[in-house]
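Working notes, structure below.
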Amino acid sequence: MDYIVKGLIIPVIALVLSIGVSMILTRVIYNKRIKEGRLGKLRRNLTFFGLIVFFFIVGAVGYFGTYIHATERALTFMGSTETVKVSEIDEGYFFDGPGTENAYIFYPGAKVDEKAYAELMQMIADDGTDCFLVKMPFHFAFFGVGRAGSIIDKYKYDSWYIGGHSLGGAMACNFAAENEDRLKGGVFLAAYSNEKIDDSFGAVSVTATNDKILDWRKYNESMMYYPAGIKEVSIEGGNHSQFGDYGMQGGDGEATISLDEQMRLTADAVKVLVG
């Protein structure tokens, strides 16, 4: 629930501001122009509520319509290679590598262009685990928590795994908690779970020592929700931003390892679970 509450803070603030601004403008517009009476009150109320809706929509479009874009470098990994074929699907993108038995479904971080994780998907697919990079509505995973289910229904693999970065990882945990019978395990990056995942579920949690975005207190407290046998992988010198390729996220710590190295270590963490 904590991730969802954080995600709703901005819309709630926008609503409160919309009400305040609408109230002021309504008073300015109708001050001494319309005599008190049923018609005057009706017009004033209609204007007031109309302004609230207008300002809230403008604010919502501005907030949800902006996101962190993938770098030009990241986009170069959206093309097919000799070993990995990349194709667009209804739910996002499919990275089809040499493997045929295992598949990994990945949820991107909040307000981050999903293509920022293309290099990571390429590495994992090239290692033998096909990847599905999910495109989320408004770039927020809590608007598309169930999209993994659609992918599982359409494609046939012996074993399914799920994961994601930050908010995407948390929402992947939520899907895992409610669909344990459809998944074999999950690999979650800089994320904490809000729902209890059964101890029989295979899981790997990947964090980075220089991550200043992750709420470490919440992360440590939430370990009770992860399976008892979860494997923790800590990337020395990595940070929050370098789990993807979208530039430096505000408030994050400086990484002391390269982007390529952190991506490689993250892909290797997937092999800890998948093999």
Side-chain angles (χ1 to χ4, degrees), residues 3 80 83-109 114-115 117-137 141-206 225-233 243-244 263 266-275:
Y3 274 110
S80 298
T83 55
V84 179
K85 179 183 178 181
V86 182
S87 58
E88 189 168 3
I89 59 176
D90 291 340
E91 296 81 8
Y93 300 93
F94 177 34
F95 291 73
D96 187 7
T100 58
E101 298 179 355
N102 304 316
Y104 180 53
I105 301 171
F106 188 86
Y107 287 2
E114 67 282 347
K115 293 185 286 297
Y117 302 93
E119 180 181 3
L120 179 61
M121 299 297 102
Q122 284 271 8
M123 287 183 174
I124 297 171
D126 192 51
D127 286 341
T129 300
D130 290 347
C131 293
F132 293 85
L133 178 56
V134 181
K135 186 174 184 177
M136 290 296 178
F142 55 66
F143 290 128
V145 178
R147 291 201 163 183
S150 175
I151 293 172
I152 294 173
D153 289 340
K154 291 180 181 179
Y155 298 85
K156 303 299 179 184
Y157 285 90
D158 294 339
S159 300
W160 284 98
Y161 299 85
I162 195 169
H165 178 217
S166 198
L167 174 66
M171 296 302 101
C173 285
N174 288 359
F175 181 87
E178 298 173 5
N179 295 273
E180 292 160 350
D181 58 325
R182 309 179 73 184
L183 300 164
K184 190 171 181 179
V187 181
F188 311 103
L189 317 180
Y192 50 87
S193 180
N194 296 303
E195 295 188 27
K196 175 59 182 173
I197 303 175
D198 191 81
D199 288 340
S200 63
F201 188 82
V204 174
S205 172
V206 187
Y225 295 115
Y226 276 126
I230 187 171
K231 298 176 181 178
E232 293 187 78
V233 176
F243 282 115
M263 291 278 188
T266 303
D268 288 344
V270 175
K271 290 193 290 185
V272 170
L273 181 64
V274 180

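Position 1 is the first residue of the sequence; numbering continues from there. No hydrogens, no waters, no symmetry mates; every other heavy atom, side chains included, goes into these values.
- Residues F243 and L120 fail the side-chain proximity criterion, which asks for heavy atoms closer than 4.5 Å.
- Within 6.0 Å of NZ in K85 there are 12 or fewer heavy atoms belonging to other residues, nucleotides or ligands.
- Atom NZ of K115 sits about 9.0 Å away from atom CG of L133, to the nearest 0.5 Å.
- A salt bridge links D199 with K196: at least one charged nitrogen is closer than 4.0 Å to a carboxylate oxygen.
- Side-chain atoms of T129 and K271, non-hydrogen and from C-beta on, never get closer than 4.5 Å to each other.
- With contacts defined as side-chain heavy-atom distances shorter than 4.5 Å, the pair N174/F142 does not qualify.
- Atoms SG and CD, on C173 and E178 in that order, are 11.5 Å from each other to the nearest 0.5 Å.
- Using cut-offs of 30° and 60° for the angle between ring planes, the F132 and F94 rings count as parallel.
- Using a 4.5 Å cut-off on side-chain heavy atoms (C-beta onward), V84 and D96 make no contact.
- Pairing each heavy atom of E91 with each of S150, the nearest pair is OE2-OG, 2.7 Å.
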- [ ] Check step by step if side-chain contact (heavy atoms from CB on, under 4.5 Å) holds for Y161 and L183.
- [x] CA-CA 6 Å; Y161 299 85; L183 300 164; over 6 Å; no

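- For the atom pair D130 CG and I105 CD1, the distance stands at 11.5 Å (nearest 0.5 Å).
- The shortest distance between side-chain heavy atoms of Y225 and N194 does not fall below 4.5 Å.
- Counting all heavy atoms, side chain and backbone alike, E101 lies closest to Y157 at O-CB, 3.5 Å.
- Contact check on D90 versus K154 returns a salt bridge, with a Lys/Arg side-chain nitrogen under 4.0 Å from an Asp/Glu carboxylate oxygen.
- Between the side chains of T83 and D126, at least one donor N or O sits under 3.5 Å from an acceptor N or O.
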Task: Stepwise side-chain contact (heavy atoms from CB on, under 4.5 Å) check, V204 with I230 - done: CA-CA 6 Å; V204 174; I230 187 171; 5.7 Å; no

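- Centroid-to-centroid, the aromatic rings of F106 and Y117 come within less than 6.0 Å.
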- [ ] Take I152 and F175, measure what side-chain contact (heavy atoms from CB on, under 4.5 Å) needs, and give me the verdict at the end.
- [x] CA-CA 12 Å; I152 294 173; F175 181 87; 4.3 Å; yes

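- Remark: side-chain polar atoms of S193 are paired, donor with acceptor, to backbone N or O of E195 under 3.5 angstrom.
- One distance of note links CD of E119 with CD1 of I124; it measures 11.0 Å at 0.5 Å rounding.
- For A125 against C131, the heavy-atom pair with the smallest separation is N-SG, 4.0 Å.
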Task: Evaluation steps, side-chain contact (heavy atoms from CB on, under 4.5 Å), between M136 and F143 - done: CA-CA 7 Å; M136 290 296 178; F143 290 128; over 6 Å; no

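- Side-chain contact check for I151 versus V134: some heavy-atom pair is nearer than 4.5 Å.
- In this structure, Y155 places its OH atom where more than 12 heavy-atom neighbours from other residues, nucleotides or ligands lie under 6.0 Å away.
- The main-chain N or O of G92 is never found under 3.5 Å from a side-chain atom of R147 such that the two would form a donor-acceptor pair.
- In this structure, A177 and I197 approach most closely via the heavy-atom pair CB-CG1, 4.2 Å.
- G163 and A172 make their closest contact through O-CB, 3.5 Å (heavy atoms, listed as atom of the first residue, atom of the second, distance).
- Summarising the geometry of F201 relative to G186, their closest heavy-atom pair is CE2-N, 3.4 Å, with the distance given to 0.1 Å.
- Although no hydrogens or angles enter the test, the distance criterion places no donor-acceptor pair under 3.5 Å between the side chain of S159 and the main chain of N102.
- Looking only at distances, no side-chain donor or acceptor of Y192 sits under 3.5 Å from a matching main-chain atom of Y226.
- In this structure the side chain of I162 never reaches within 4.5 angstrom of the side chain of K184, judged on heavy atoms.
- Taken from CZ in R182 to CD in E180, the straight-line distance is 13.0 Å, to the nearest 0.5 Å.
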- [ ] Kindly determine whether Y107 and H165 satisfy ring-ring contact (aromatic ring centres under 6.0 Å, His included), including the steps that lead there.
- [x] CA-CA 7 Å; Y107 287 2; H165 178 217; over 10 Å; no

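- No side-chain donor-acceptor contact under 3.5 Å links E232 and S205.
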